[in-house]
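Here is the structure we will look at.
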Amino acid sequence: MTDRPLPDNLHRDTLAVRVGLESSQYGENSEALFLTSGFVQPDAETAARRFAGTEDGYTYGRTSNPTVTSFERRLAALEGTEAAIGASTGMGAILMMCMGLLKAGDHVICSRSMFGSTINLIGREFGKFGVETTFVSQTEVAEWKAAIKPTTRLLFAETPTNPLTDVCDIAALADLAHGAGALLAVDNCFCTPALQRPAELGADLVIHSGTKYLDGQGRVMAGAICGPAKLIVDVFGPVVRTAGMTLSPFNAWVVLKGLETLGIRMQAQCANALAVARWLEAQPGVARVYYPGLASHPQHDLAMRQQSGQGGAVVSFDVVGNDPDTARANAFHVINSTRVLSIATNLGDTKTIITHPGTTSHGRLTEAQRQGAGIGQGLIRVAVGLEHIEDIKADLLRGLGTLT
Ligand SMILES: *Cc1c(COP(=O)(O)O)cnc(C)c1O
């Protein structure tokens, strides 16, 4: 216990290592991990008040846990929202949001380039319960506007997109949502609050997959929703308690500690990614590079304004190849020639990950859908980590330098 509450107006870097619950009576300096499913009540009357919600206090692990609370407070401080609530995974957070906000007859608008499982969850699973979804262009605000109906309850955006790094204008979408009496939610997985704070740009809710950069070292699954206390406490809290997409205390603890290094990891990984992107643009085996930090990116100016002047840590590129079969063979050659990079589909790790979206994350789309989304067979995605930049370039050059 401490009688020294944190002063107001601390910088974000300080909040990242300091905000959480107060330490216990033992004065531990590193946050405690409370591995317990239940909490002992001092007496029956207190138990009754806590279960009725008229008194604060922990009751049962599906509802809340002190380690999870520490994570929620720290993430909310970084996003600049009143509150946050943890979830078992990023998809668990999106499920929680949809269960809390939507009912049969409601209408949702989201971009066609959203994370694949998000499209399936909202479009297909919630479609079964009578929620209607319109998928629109990532970058054309006019398409979002034209899709608005009297029943529109939620606009849901993600920026930059995976794998092509298209950037949407959060402030413009917030204005549109509010003009229609709807909410704007933004999936901030790719930028994290270290680069982009959607709530400051008008978004009502911010969604996280803690599995990615927040943990940052590929260890655990986690998710969260950040937003106003009214929605977090009154709408999403009861959903978690009832439906059980609860963040485990162990995973919360890992991600809580990950947040302490988020700022410096993101700066270092963005610097590596920018160097990789610039270097790729000069390689004869590369046809096109997709990275918001490059002047050649179609939404470069918007991205620089919206993302604290950083492009993020994901770079995608097309290798040369005149037809899909040649392009795929060339992409596979580059991927198979690596000896350091991880061939995987995850991202947000200190280890650089190389992916062929056309046959993995986007492999279940039809060729027409893939072409509509701009994902060709020559496309490679690199989620840049913390290895030395020269080692990353050399690993990519092994294949790029020997394309025939
Ligand atoms: C990975 C990811 C998710 C889902 O997160 P999980 O923790 O894997 O459930 C949601 N949105 C984006 C943008 C992602 O990259």
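Each residue takes its place number in the sequence, starting with 1. Note: hydrogens, waters and symmetry copies are ignored here, and every other heavy atom, side chains too, is used. One-based numbering, in listed order, for ligands and for the atoms of each.
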* **Polar contact flag, side-chain donor to acceptor under 3.5 angstrom, Q310-Q267** => yes
* Identify which one of S361, P163, S113 satisfies the side-chain contact (heavy atoms from CB on, under 4.5 Å) criterion when paired with I375. => P163
* Asked: Any ion pair linking E260 and R74 (charged N to carboxylate O, less than 4.0 Å)?
  -> yes
* To do: Report the C-alpha separation of E367 and R370 in whole Å, then their side-chain angles, then the decisive distance to 0.1 Å, and conclude whether the salt bridge (Lys or Arg N to Asp or Glu O under 4.0 Å) test is met.
  => CA-CA 5 Å; E367 190 54 38; R370 259 197 304 274; 2.8 Å; yes
* To do: Assess D187 for proximity to ligand 1: is some non-hydrogen atom of it under 4.0 Å away?
  => yes
* To do: Decide whether an N or O pair under 3.5 Å exists between E158 and ligand 1.
  => no
* **Residues E390, K393: salt bridge by 4.0 Å N-O rule** => yes
* Go through E200 and R12 one step at a time and tell me if the salt bridge (Lys or Arg N to Asp or Glu O under 4.0 Å) criterion holds. => CA-CA 14 Å; E200 287 175 2; R12 216 168 240 100; 3.3 Å; yes
* Asked: What protein heavy atom sits nearest atom 5 (O) of ligand 1, and how far off is it?
  -> S209 OG, 3.0 Å
* To do: Please report which non-hydrogen protein atom sits nearest to atom 14 (C) of ligand 1, along with the residue it belongs to and the distance in Å to one decimal place.
  => K212 NZ, 2.9 Å
* Would D166 and Y290 count as a side chain to side chain contact (heavy atoms under 4.5 Å, CB included) if you check the C-alpha gap in whole Å, the side-chain angles of each, and the deciding distance to 0.1 Å? -> CA-CA 8 Å; D166 287 328; Y290 306 84; over 6 Å; no
* Ligand-residue contact atoms, ligand 1 with M221, heavy atoms, under 4.0 Å -> 7 (O), 8 (O)
* To do: Would you tell me whether T69 and Y58 have side-chain atoms, one donor and one acceptor, within less than 3.5 Å of each other?
  => yes
* Numbered atoms of ligand 1 (with element) below 4.0 Å of A222, judged on heavy atoms -> 7 (O)
* Asked: Counting each atom of ligand 1 from 1 as listed, which ones have a heavy atom of T211 under 4.0 Å away?
  -> 6 (P), 7 (O)
* Could you tell me the residue and atom name of the protein heavy atom closest to atom 4 (C) of ligand 1, and the distance to it rounded to 0.1 Å? => F115 CE2, 3.5 Å
* Is the closest heavy atom of G348 to ligand 1 under 4.0 Å? -> no
* Is there a nitrogen or oxygen of G90 sitting under 3.5 Å from a nitrogen or oxygen of ligand 1? -> yes
* To do: Compute the shortest N/O to N/O distance between M91 and ligand 1 and return yes if it is under 3.5 Å, no if not.
  => yes
